[in-house]
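A quick note: this is a predicted structure, and the numbers were derived from the prediction, not measured. In the text below, chain A, chain B and the rest are named by the order of the sequence lines, each starting its count at 1.
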Amino acid sequence: GNSVTQMEGPVTLSEEAFLTINCTYTATGYPSLFWYVQYPGEGLQLLLKATKADDKGSNKGFEATYRKETTSFHLEKGSVQVSDSAVYFCALKDTGGFKTIFGAGTRLFVKA
Amino acid sequence: GAVVSQHPSRVICKSGTSVKIECRSLDFQATTMFWYRQFPKQSLMLMATSNEGSKATYEQGVEKDKFLINHASLTLSTLTVTSAHPEDSSFYICSAEGLATLSYNEQFFGPGTRLTVL
């Protein structure tokens, strides 16, 4: 079945450090891939998405590229800020499917 | 993007009482709504999927008599936790998608409801 695996956290970085959160997936067909962010005490917000191979999603300095050959969708940001501290969820939605499959989430702490 | 609201944002109740949580799509018609439960520091667990005007489809292991879901209109779904107990304390999140949002191929999430059962 479909699944999403993302790196375990927590990830602790200093401000302005480079961020990578790894995400790999297993799916049939050609899923759409998403990164969601959850700030403390809040629901999920879509951070970025990509709907086909080699697409790059980007938003607020975050980027992720849909790599079909490695079934990956790693999240990157060149310079993190304290305000980026949150939990990040990688997710997929299969073509024609109605369920979104979430990874376990990776908690990011950014220190000033 | 599309907006989904939840009410209340927080609720504290006594054991044995029932609690209703509302999920509304504010600027689109939600043909499908999803209810999730999230335990501290864990991912979202899909509880059920509801389509407007039909019975909800529950995930395996979710008690449908305990978690009553109603999707009576295209903008409103409700989750009622019946005879709540402390183990039902959790963060409940709804999401929605509709014909107008299908092209985005994504779900839009509410801000969540924190339920605490004493």
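Residue Tyr30(A) qualifies as open at atom OH: its count of foreign heavy atoms under 6.0 Å is 12 or below. No more than 12 heavy atoms of other residues, nucleotides or ligands sit less than 6.0 Å from atom CD of Glu8(A). Annotation for Lys68(A): atom NZ counts as buried by contact number, over 12 foreign heavy atoms lying within 6.0 Å. Enclosure of atom CD in Glu69(A) by more than 12 non-hydrogen atoms of other residues, nucleotides or ligands within 6.0 angstrom is indicated.
Shown here are the salt bridge (charged side-chain N to carboxylate O under 4.0 Å, His left out) partners of Lys66(B), two or more places apart in sequence or in another chain: Asp88(B).
No chain of hydrophobic side-chain contacts below 4.5 Å, direct or via other Ile, Leu, Val, Met, Phe, Trp or Tyr residues, connects Val11(A) to Phe102(A). Hydrophobic cluster membership differs between Tyr36(B) and Leu79(B), with clusters built from Ile, Leu, Val, Met, Phe, Trp and Tyr side chains linked at under 4.5 angstrom. Under the 4.5 Å side-chain heavy-atom criterion for grouping Ile, Leu, Val, Met, Phe, Trp and Tyr, Leu92(A) is connected to Leu75(A) within one hydrophobic cluster. With hydrophobic clusters built from ILVMFWY side chains whose heavy atoms lie under 4.5 angstrom apart, Leu115(B) shares a cluster with Ile69(B). When the side chains of ILVMFWY residues are joined at heavy-atom separations under 4.5 Å, either directly or via intervening members, Phe34(B) and Met45(B) end up in two distinct hydrophobic clusters.
Here the straight-line distance linking atom OG1 of Thr100(A) with atom CZ of Phe109(B) works out to 6.0 Å at 0.5 Å rounding.
When all heavy atoms of Gln38(B) and Phe89(A) are compared, the closest pair comes out as NE2-CZ, 3.5 Å. Annotation for Gln38(A) and Phe91(B): closest pair NE2-CE2, 3.7 Å, computed over non-hydrogen atoms. Closest of all the heavy-atom pairs between Gln107(B) and Lys99(A) is NE2-C, 4.2 Å.
Taking non-hydrogen atoms and a 4.5 Å limit, the residue list of residues 7-20 of chain B in contact with chain A is empty.
Heavy-atom pairs under 4.5 Å with chain B were tallied for Leu46(A), Val87(A), Ile101(A); the largest tally goes to Leu46(A). Among Leu44(B), Ile93(B), Val4(B), the residue with the largest count of heavy-atom pairs under 4.5 Å with chain A is Leu44(B).
If you measure heavy-atom distances from Thr32(B) to chain A, you find no contacts under 4.5 Å at all. Of the two parts of Gln45(A), neither the backbone nor the side chain holds a non-hydrogen atom closer than 4.5 Å to a non-hydrogen atom of chain B.
Formation of a donor-acceptor pair under 3.5 Å by the Ser43(B) side chain with backbone atoms of Gly103(A) is found in this model.
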